[in-house]
Novice: 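Before we start, here is the structure in question, set down as structure tokens.
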Amino acid sequence: MPKLNDVCRYVRSKNAGPFWVTIDLFFDGQDAYQRYSDDPAISAAAIGRLYGVETQAVRRFKVDTLNVVKISIPRSQPQGGVLERDMHSGQQFVPMLDIVLA
Amino acid sequence: MADSDNSTRILVPAGALGSGVRADELESGLAVAPHAIALDAGSTDSGPAYLASGKSKYSRQAVKRDLGLLMAAREKAGIPLLVGSCGTSGCDMALDWTLEIVLELALEHGSTPRIAVLYSEQDKALLKSKAAAGAVRPLAPMGELSEDSIDGCTHIVALLGPEPYMAAVEQGADIVLGGRTTDTAVLAAVALLRGEHPGAAWHAAKIAECGGLCTVTPTSPGVVMSVDREGFAIAPLSRANRCTPQTVSAHMLYENSDPFRLVEPGGVLDVTDAQYVAIDERSVRVTGSRWAPAPYTMKLEGAGGGPFQTIMLVGIEDPAVLEDIDGFLARMSHALKRKVERTLGAQAEGADISLRPYGWNAVSGRTPPEGSTPPREIGLLFVATAATQALATEIAKICNPMFFHFPVREGKELPSYAFPFSPAEIERGQVFEFHLNHVVEVATPFELMRTRWVNVRSKEGVSADA
């Protein structure tokens, strides 16, 4: 069973404004996209569990023309507060890489 | 993209003013006979400090260099220059800072532009009355706007739409300097003013907002967007660079929570059915973008100062520490907090000490998986947060000896870790925080903004109309 990192050519994360993080999964070609983009391991519920966010707060989009799944979640705290560790959310994709797909 | 075609051509020389406009790109851009030069100078991307302090992220020299090139290009072509979100945050102070640089350049170059300055900083009392009247709505994940949130901000701005830019250009502005503006509005304004397809104008602006980021080689910063009655085309300014349907459509993903819909002040851009087709090797044509008008709202951004931080950094290579790093850090954290409590008593209440081992798990704060190999070295960051800078530094100084010498195990000899600096404690300054994520309903796009006209009439004189 492959990991998400094995079937994506690129995974990235970034703030989408100070209150949201957005994660883009660029699948490695159409075959990988079709096979894995609906995998339960990257469902809204699974992503919510991974990041500690309620399922309803997870926004998930499929962009077929780009073989991309886009996931947006509210930040645990607004950008830049006392406990900030990742100002631009540029490293927030990393926990996704090891997700095991069916 | 010849002069004879019917499109409106907007030169977008870079993703941000101050990031480095290229003279050769401007020259090839002017060859397509553009109708305006437009770019953005700010955003919230870099964090709350810039809005809370009103200071620019980019250096004054860098902004002046870019503005010098852009003002010369504008004058040569006889077209308007539009700059949105001046001075990073677009608050009044940041806008005036940018205006001062423009006036300095005009005097140095002996040019006499007519300048419109669009202010969008908000008065707290007015916003409170708007909120009380139910005209302010929260955006997810925020709750209702409280008076405390408003009072906690040092600066509050409302994001301008394109209308004030359109009005300024119509009234003969050579240079329009805008306060905080949506990234797209400043780029879309002249195409909308000239009656081009609104969906295409907004979509083109969204694609061009980060300059070269929608191209194959993002380090070439400039692009030109050509908007007409049905769609738009986008191409890089550098002859060596290319746009492809993939690089263009992928830009809808960037720093956007929704890749298909973009909410703007007077409506919603919907690109669900947009088609991206290569025109030639380096240009892409886009059609099918839709614009749905909606009641006019302006997004609010507000930030203010919170507590203060003092930091220390120490390097640790000792394998005896690193083989049980989590245990070591837990013991150190406990000991540091007890020492601060013992020394400061009630004064320490509300203060925070955070240890972040770079090279181990400082970035995520998550526990590494069981069995992870210990790192070869870590940079251990100590962060004291307290109500005043003096107290944060006091806490750091109390912790300094223990942070420097904390033993691997109790009863062992005292080690010394590697401080890179003397003094070890560094006053980092204030923590800034965003407090607003709301929209305010307005009767017109002009209700919450002020336009000021500044005319440079001669080498000696600057006059401000009221």
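In what follows, every chain begins at residue 1, and chains take the letters A, B, ... in the order their sequences are listed. Only a predicted model underlies this, so the values are computations on that prediction, with no experimental measurement involved.
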Novice: Under 4.5 Å, counting heavy-atom pairs only, tell me which of B/Ser354, B/Ala250, B/Ser364 racks up the most with chain A.
Specialist: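 With the most close heavy-atom pairs to chain A, the winner is B/Ala250.
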
Novice: To the nearest 0.5 Å, what is the distance between CZ on B/Phe434 and CD on A/Gln77?
Specialist: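 Spacing of CZ (B/Phe434) from CD (A/Gln77) equals 13.0 Å.
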
Novice: Highest number of heavy-atom pairs under 4.5 Å with chain B: which of A/Pro18, A/Pro74, A/Gly17?
Specialist: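 Heavy-atom pairs under 4.5 Å are most numerous for A/Pro18.
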
Novice: Taking C-beta and beyond as the side chain, do B/Ser249 and A/Leu66 meet within less than 4.5 Å on heavy atoms?
Specialist: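 They are in side-chain contact.
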
Novice: Quick one: what part of B/Glu301 sits under 4.5 Å from any heavy atom of chain A, side chain, backbone, both or neither?
Specialist: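 Neither part, no heavy atoms under 4.5 Å.
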
Novice: Which of residues 46-57 of chain B have a heavy atom under 4.5 Å from any heavy atom of chain A?
Specialist: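 Those residues of residues 46-57 of chain B which have a heavy atom under 4.5 Å from chain A are B/Ser46, B/Gly47, B/Pro48.
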
Novice: So which of B/Val431, B/Thr385, B/Thr44, B/Asn437 has the biggest tally of heavy-atom pairs under 4.5 Å with chain A?
Specialist: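 Looking at each of B/Val431, B/Thr385, B/Thr44, B/Asn437 in turn, B/Asn437 comes out on top.
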
Novice: What option among B/Ala303, B/Ala140, B/Ser43 has the most heavy-atom pairs under 4.5 Å with chain A?
Specialist: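 Top option by heavy-atom pairs under 4.5 Å: B/Ala140.
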
Novice: Surrounding CZ of B/Arg428 (heavy atoms of other residues, nucleotides or ligands, distance under 6.0 Å), is the total greater than 12?
Specialist: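 Result for CZ/B/Arg428: enclosed.
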
Novice: Heavy-atom distance under 4.5 Å to chain B: side chain of A/Ile23, backbone, both or neither?
Specialist: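 Neither part, no heavy atoms under 4.5 Å.
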
Novice: Can you name the nearest heavy-atom pair linking A/Val82 to B/Pro307, along with the distance?
Specialist: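 Here A/Val82 and B/Pro307 meet closest at CG2-CG, 3.7 Å.
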
Novice: Side-chain contact, heavy-atom cut-off 4.5 Å: B/Val363 with A/Val94?
Specialist: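 They are not in side-chain contact.
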
Novice: Of the listed residues (A/Asp86, A/Val68, A/Val63), which shares the most heavy-atom pairs with chain B below a 4.5 Å separation?
Specialist: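 Maximum pair count with chain B is reached by A/Val63.
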
Novice: Under 4.5 Å from any heavy atom of chain B, what part of A/Glu84 do you find: side chain, backbone, both or neither?
Specialist: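 The backbone, not the side chain.
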
Novice: In this structure, are over 12 heavy atoms from other groups packed under 6.0 Å from A/Glu54 atom CD?
Specialist: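 Atom CD in A/Glu54 is not crowded, with 12 or fewer foreign heavy atoms closer than 6.0 Å.
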
Novice: Please state whether the side chain, the backbone, both or neither of A/Phe61 comes within less than 4.5 Å of a heavy atom of chain B.
Specialist: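 The side chain, not the backbone.
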
Novice: Quick one: which of A/Ser13, A/Pro78, A/Gly81 has the most heavy-atom pairs under 4.5 Å with chain B, could you say?
Specialist: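 Among the listed options, the one with the most contacts to chain B is A/Gly81.
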
Novice: Within 45° of the ring axis of A/Tyr51 and under 6.0 Å from its six-membered ring centre, is that where the NZ or CZ of B/Arg366 lies?
Specialist: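 Judged by the rule, B/Arg366 and A/Tyr51 form a cation-pi pair.
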
Novice: Heavy-atom cut-off 4.5 Å, strictly under: side chain, backbone, both or neither for A/Arg12 against chain B?
Specialist: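 Contact with chain B is through the side chain of A/Arg12 alone.
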
Novice: Highest number of heavy-atom pairs under 4.5 Å with chain B: which of A/Gln92, A/His88, A/Lys14, A/Gln79?
Specialist: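 Highest number of pairs under 4.5 Å: A/Gln79.
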
Novice: Between A/Lys62 and B/Phe260, which heavy-atom pair has the shortest distance, and what is it?
Specialist: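 Looking at all heavy atoms of both residues, the closest pair is O-CZ, 3.5 Å.
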
Novice: Name, in order of residue number, those residues of residues 251-259 of chain B that have a heavy atom at a distance of less than 4.5 Å from a heavy atom in chain A; otherwise write 'none'.
Specialist: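 From residues 251-259 of chain B, the residues near chain A are B/Leu253, B/Tyr254, B/Glu255, B/Asn256, B/Ser257, B/Asp258, B/Pro259.
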
Novice: Counting only heavy atoms not in A/Arg60, do more than 12 fall under 6.0 Å of its CZ?
Specialist: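 Yes - once you tally the heavy atoms of other residues, nucleotides and ligands closer than 6.0 Å, there are more than 12.
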
